[in-house]
Novice: 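Pasting in a structure now, in structure tokens, and then I'll have a few things to ask.
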Amino acid sequence: MPLSRFRPAVDAIPESGGQCEEAPEYATGGLRGVRLRVTGVPAGIRSVDVAIDSSRAVRRYFEIRNDGQGSETIISIDSRPGAERLVRPGAPLASAFNGTPLGNEVTDGSPGGVLRAPSLGPPTAVAARLLHQCAAWLDPWGLIARLPDS
């Protein structure tokens with residue numbers, strides 16, 4: 001399915017009220033990663049991972065939306081330099097997937113195209129909000145930096 005026609009099967013739960021944490025699995029390769037987990041009411045889960053490099057450019061974006069009723073939307077973007085050498089030949093570096101009880105849909109595109117896809121959020125705007133909301137987790141000292149000196 002073309003990216004321009006793809007629509008998420010699961011609406012995004014708003015980021016407000018989510019829990020931030022460090023995403024240490026992105027530390028390899030010099031990235032700093034954060035994860036925001038949000039639980040919806042009455043059901044549903046949203047988890048968004050964003051990893052940036054030293055220039056604060058978004059290099060990894062991974063989002064899972066689950067409605068708690070059997071449907072999910074997954075958005076995955078890898079824009080690290082040389083990332084095409086890290087995946088199997090022909091595998092997309094950026095994709096979106098809907099899994100529902102009625103079937104699956106998938107789309108892919110360039111990392112930049114998927115990052116800016118309006119129908120997906122767009123991920124650039126979601127990443128900017130998450131990086132602002134979870135800024136303390138990107139500091140090398142994390143939340144410890146906020147504690148008073150003893």
Side-chain angles (χ1 to χ4, degrees), residues 1-139 142:
M1 167 179 289
L3 179 59
S4 61
R5 290 190 24 230
F6 185 88
R7 298 293 176 264
V10 179
D11 291 333
I13 301 169
E15 294 98 17
S16 59
Q19 298 285 329
C20 295
E21 61 186 44
E22 183 178 12
E25 63 271 24
Y26 296 108
T28 57
L31 300 180
R32 298 282 304 160
V34 292
R35 176 176 297 115
L36 179 73
R37 292 182 191 268
V38 186
T39 303
V41 176
I45 296 171
R46 182 180 184 199
S47 178
V48 184
D49 295 4
V50 175
I52 59 173
D53 64 13
S54 60
S55 70
R56 298 193 58 82
V58 173
R59 296 299 180 193
R60 297 291 306 261
Y61 181 95
F62 186 76
E63 179 176 357
I64 298 175
R65 304 175 189 176
N66 185 306
D67 68 0
Q69 299 173 12
S71 295
E72 67 181 356
T73 296
I74 300 172
I75 303 166
S76 177
I77 302 165
D78 188 346
S79 64
R80 295 173 293 169
E84 61 280 349
R85 293 187 313 266
L86 303 173
V87 298
R88 71 180 190 281
L93 295 177
S95 63
F97 167 84
N98 282 332
T100 70
L102 301 176
N104 300 332
E105 295 177 317
V106 68
T107 188
D108 58 42
S110 69
V114 175
L115 269 170
R116 292 185 296 277
S119 65
L120 299 178
T124 52
V126 174
R129 290 191 305 268
L130 187 134
L131 292 170
H132 177 75
Q133 184 173 339
C134 301
W137 293 97
L138 289 171
D139 184 322

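Here the structure is a predicted model, which means the values were calculated and not measured.
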Novice: Of all heavy-atom pairs between Val114 and Ala94, which one has the smallest distance, and what is that distance?
Specialist: CG2-CB, 3.5 Å

Novice: Using the test salt bridge (charged side-chain N to carboxylate O under 4.0 Å, His left out), find all partners of Arg7 that sit at least two apart in sequence or belong to another chain.
Specialist: none

Novice: Which atom pair, heavy atoms only, marks the closest approach of Leu115 to Pro122?
Specialist: O-CB, 3.7 Å

Novice: Might you point out which heavy atoms bring Arg80 and Asp78 nearest each other, and give the distance in Å?
Specialist: NH2-OD2, 2.6 Å

Novice: Any heavy-atom pair between the side chains of Val106 and Phe6 that's under 4.5 Å?
Specialist: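 In short, these two side chains do not touch, never coming nearer than 4.5 Å.
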
Novice: Side chains of Arg60 and Phe62: closer than 4.5 Å at any heavy-atom pair?
Specialist: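 No. Closest side-chain heavy atoms not under 4.5 Å.
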
Novice: Could you tell me whether the side chain of Arg59 and the main chain of Ser79 form a donor-acceptor pair under 3.5 Å?
Specialist: yes

Novice: Would you indicate whether the side-chain heavy atoms of Leu3 and Leu120 approach each other to under 4.5 Å?
Specialist: yes

Novice: For the residue pair Ile45 and Ile13, what are the closest heavy atoms and their distance?
Specialist: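 The answer is N-CD1, 3.9 Å.
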
Novice: Does any non-hydrogen side-chain atom of Asn66 lie less than 4.5 Å from one of Val10?
Specialist: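 Answer no - side chains too far apart.
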
Novice: Would you check, one step at a time, whether the test side chain to side chain contact (heavy atoms under 4.5 Å, CB included) holds for Trp137 with Arg35?
Specialist: CA-CA 9 Å; Trp137 293 97; Arg35 176 176 297 115; over 6 Å; no

Novice: Please list all pairs meeting side chain to side chain donor-acceptor pair (under 3.5 Å) that have one or both residues in residues 105-125, counting only residues at least two apart or in different chains.
Specialist: Asn98-Glu105

Novice: Are Glu22 and Arg32 close enough, and set up right, to give a side chain to side chain contact (heavy atoms under 4.5 Å, CB included), and what steps lead you there?
Specialist: CA-CA 8 Å; Glu22 183 178 12; Arg32 298 282 304 160; 3.5 Å; yes

Novice: Answer yes or no: is there a side-chain heavy-atom contact under 4.5 Å between Arg65 and Pro8?
Specialist: yes

Novice: Which value, rounded to the nearest 0.5 Å, describes the distance between Thr73 atom OG1 and Asp67 atom CG?
Specialist: 8.5 Å

Novice: Any chance you could measure Tyr61, atom OH, to Ile77, atom CD1, to the nearest 0.5 Å?
Specialist: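 Reported value, rounded in 0.5 Å steps: 7.0 Å.
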
Novice: Would a distance-only check, ignoring hydrogens and angles, find a side-chain to backbone donor-acceptor pair under 3.5 Å from Thr100 to Ser71?
Specialist: no

Novice: Mind checking what makes side-chain contact (heavy atoms from CB on, under 4.5 Å) contact with Glu15, not counting sequence neighbours?
Specialist: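 side-chain contact (heavy atoms from CB on, under 4.5 Å) list for Glu15, sorted by chain: Leu36, Arg46, Val126, Arg129, Gln133.
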
